[in-house]
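The structure appears right after this line, and notes come after that.
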Protein chains: 2
Amino acid sequence: MSKVSSAVVSDRAQQLLKLLVERYIREGQPIGSRTLARGQGLDLSPASIRNVMADLEDLGLVKAPHTSAGRIPTVQGYRLFVDSLLTVKPLGQHEVLALQDKFSQAADPQQVLVTASSLLSEISSMAGVIMVPRREQPTVRQVEFISLSGNRVLVVLVMNGNQVQNRMITTSRRYSPAELTQAANYLNHALAGKDFNKVRDALLVEMRETQESINQLMLAAIDMANRTFQGGEEGGDYVLAGQTNLMGYAEMADIDRLRQLFDAFNRKRDILHLLDQAAHAQGVQIFIGEESGYEVLDACSVVTSPYEVEGEVVGVLGVIGPTRMAYDRLIPLVDVTAKLLGAALNQNQ
Amino acid sequence: MSKVSSAVVSDRAQQLLKLLVERYIREGQPIGSRTLARGQGLDLSPASIRNVMADLEDLGLVKAPHTSAGRIPTVQGYRLFVDSLLTVKPLGQHEVLALQDKFSQAADPQQVLVTASSLLSEISSMAGVIMVPRREQPTVRQVEFISLSGNRVLVVLVMNGNQVQNRMITTSRRYSPAELTQAANYLNHALAGKDFNKVRDALLVEMRETQESINQLMLAAIDMANRTFQGGEEGGDYVLAGQTNLMGYAEMADIDRLRQLFDAFNRKRDILHLLDQAAHAQGVQIFIGEESGYEVLDACSVVTSPYEVEGEVVGVLGVIGPTRMAYDRLIPLVDVTAKLLGAALNQNQ
DNA sequence: TTTGGCACTCTTCCTATATGAGTGCCAACG
DNA sequence: CGTTGGCACTCATATAGGAAGAGTGCCAAA
């Protein structure tokens, strides 16, 4: 993929590329040779810079929107910039403290995620996203039946990962607590063997024989579990904040593309796939423009980082914004937030 | 507010207004006198129509975007149209059946709401919204404690309205099922009296004396309940679908206004207020443009209807779209969906 | 009361033209 | 040989001038 070995890019060319990208990120307009010459204390004439630019353009690192405009970085240009030219601006000490403070105010885990994605979006002025990945092979840890008023029974499923599911069932007759306990015990036992469908079939057969509707209860529990498993396969979920920030950027002004992007957010699938990739990498990862592989994100870059709980990666978070984003600020932001989020979740569970 | 008594609008003027609005809704462009004359089998010359139009303009029912454009309806024009001119296009029999079918596929109540709002948005090509209003004075119906592995106990709170809440608590020692049952019984009994804080204080005192951490468990349950009550005050929530549909309309092309609208969707407050108003009216209600009272909705109309479960209004649903919307189709759509939703929730709970 | 006629107003679209930013290339310079 | 100034050239952008077309308002006649 990387046709461009940075070896063939002279030191000076790299320096100029760096200046160009930085400036373009700041100002958002094509940078001309004259502008670039004036900018930093370079003692180079515009003409010389033009020569270098021509080289950079040949290498596919910059391009000119049209003949008489300056140059802007290409995706490859950004890539080289991010990989080897970038000087990161670490977060200030008290910014970190401010972040930590916000995190400490969130009570339950869900709240922590919402807080984190809001923080990401607010600080970056872009969209913040946090993925809660599929939990590894869901299992039922425990089933309980709670008798309610009337003929109603509450089925409670405790999954691994301490996730809980409820469903209310109306049965054909009232069951005593003892009966319910017995049913729960039976199921808990049976499900330890783990082959759901077998248990299910057995119940079905037995039900036909005995007409006992308590089996229906157990079936309901199994079906709930099954549904969770299927749901689990589909690959997690995410919390998104600040989508509307993206509407503020000139490079996203095309309302049709924007709509497609928002549709993708709602569909979730593509974004989840992308975040999933980032889960397997370690540390901050950056997808610039088309690199993501999703057409809707062509005009966007995504900065991600996995976050860990108890030393294990449990999810990915990131920011999504226009390709022209302040990578130098965002990378540490995403990095720190990932760590703080991990820490907060650790305390909180 | 209504300066315009329809009495002063001649029959013919009303007829022409009706034609104009219908046509404008269809085509989206200012309608000229010539066009209007040709349109329906009117034997009126453009000149006569111009006279009428001048009258309608004086009454504030139509306006011309500029000198040499045709006329478009004003908010007041739409209002008169909707109130007394509109001929509703009822849904076809098998459209209703198709809707019913979709509803029947949804399993749990939450699913039903999601389905309904998706349906609204898909059929209308606009945004569909369904409000779950604040439940009236939340009450705890039942508390249960489920012993999990380790020292963990799952607190299950069954509220009225069959809503269920879970929370996992780690206790200082392991409790036998019998102990847990006893605690639950005690709490269920105590809470029947309903004065939460009293129960809470009693528990606190007793806890200090006995050092019994099972009281902690009960306290946790009470706190959960309290939190739900406070949360309930904040006024319901809603399910929104198809926001992005709104990006397709020319009259919403202004990206800044669109952003404000989307921000309002996220903020939820304003939209909830509006829907809340509609809950007290009965039947379909329509807010045209500025009538809603919210600036972000100035370019929008909202068609709402409350929906009922067991004969009681429990929520409101509606569609949100540009002022130029097909009221004749949307009104029955919203109406029927509200009824089907009520029916589905009835069955489903 | 209705209608045809007519002048008038605006928007929209096209064209032409000037402006200015920035480039590429070349020849000269150190 | 890298660097630089000069210069012709390109192209986006802005501005102005018309021409076309749609639609109105008003008036006088039917």
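Keep in mind the model is a prediction, meaning the values are calculated, not measured. Heavy-atom basis, side chains included; hydrogens, waters and symmetry copies ignored. In what follows, chains are A, B, ... by sequence order, proteins preceding strands, each numbered from 1.
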Rounding to an integer number of Å, can you tell me how far [X] [atom1] sits from [N] [atom2]?
| X | N | atom1 | atom2 | value |
| --- | --- | --- | --- | --- |
| Tyr24(A) | dG22(C) | OH | P | 14 Å |
| Gln29(B) | dT12(C) | CD | P | 11 Å |
| Leu44(B) | dG4(C) | CG | P | 11 Å |
| Ile49(A) | dT4(D) | CD1 | P | 9 Å |
| Asp55(A) | dC1(D) | CG | P | 16 Å |

On DNA chain C, more 5' by nearest nucleotide between Pro65(B) and Pro46(B) is Pro46(B)

Using a 3.5 Å cut-off and no angle test, enumerate the donor-acceptor pairs between side-chain atoms of residues 243-263 of chain B and protein atoms at least two apart in sequence or in another chain.
unit_1: Thr244(B); atom_1: OG1; unit_2: Asp263(A); atom_2: OD1; d: 2.6
unit_1: Asn245(B); atom_1: OD1; unit_2: Arg259(A); atom_2: NH2; d: 3.0
unit_1: Asn245(B); atom_1: ND2; unit_2: Ser121(B); atom_2: O; d: 3.3
unit_1: Asn245(B); atom_1: ND2; unit_2: Met126(B); atom_2: O; d: 3.0
unit_1: Tyr249(B); atom_1: OH; unit_2: Ser125(B); atom_2: O; d: 2.6
unit_1: Glu251(B); atom_1: OE2; unit_2: Arg324(B); atom_2: NE; d: 3.1
unit_1: Asp254(B); atom_1: OD1; unit_2: Asp256(B); atom_2: N; d: 3.1
unit_1: Arg259(B); atom_1: NE; unit_2: Thr244(A); atom_2: O; d: 3.3
unit_1: Arg259(B); atom_1: NH2; unit_2: Asn245(A); atom_2: OD1; d: 3.0
unit_1: Asp263(B); atom_1: OD1; unit_2: Thr244(A); atom_2: OG1; d: 2.6

Can you name the ring-ring contact (aromatic ring centres under 6.0 Å, His included) partners of Phe287(A), sequence neighbours left out? none

Check whether any side-chain N or O of Ser48(B) sits under 4.0 Å from OP1 or OP2 of dT2(C), and answer yes or no. no

Considering only distance and modelled atom types, tabulate donor-acceptor pairs under 3.5 Å from the side chains of residues 52-59 of chain B, sequence neighbours left out.
unit_1: Glu57(B); atom_1: OE1; unit_2: Arg71(B); atom_2: NE; d: 2.7
unit_1: Glu57(B); atom_1: OE1; unit_2: Arg71(B); atom_2: NH2; d: 2.8

With sequence neighbours excluded, residues passing side chain to side chain donor-acceptor pair (under 3.5 Å) with Thr35(B): none

Step through the shown structure and confirm whether more than 12 heavy atoms of other residues, nucleotides or ligands are within 6.0 Å of CD on Glu295(B). no

For Arg79(B), all residues meeting salt bridge (charged side-chain N to carboxylate O under 4.0 Å, His left out), sequence neighbours excluded: Asp83(B), Glu291(B)

Counting primed atoms, P, OP1 and OP2 as sugar-phosphate and everything else as base, the B/S/- map of nucleotides 20-27 of chain D against protein heavy atoms under 4.0 Å is -BBSBBB-

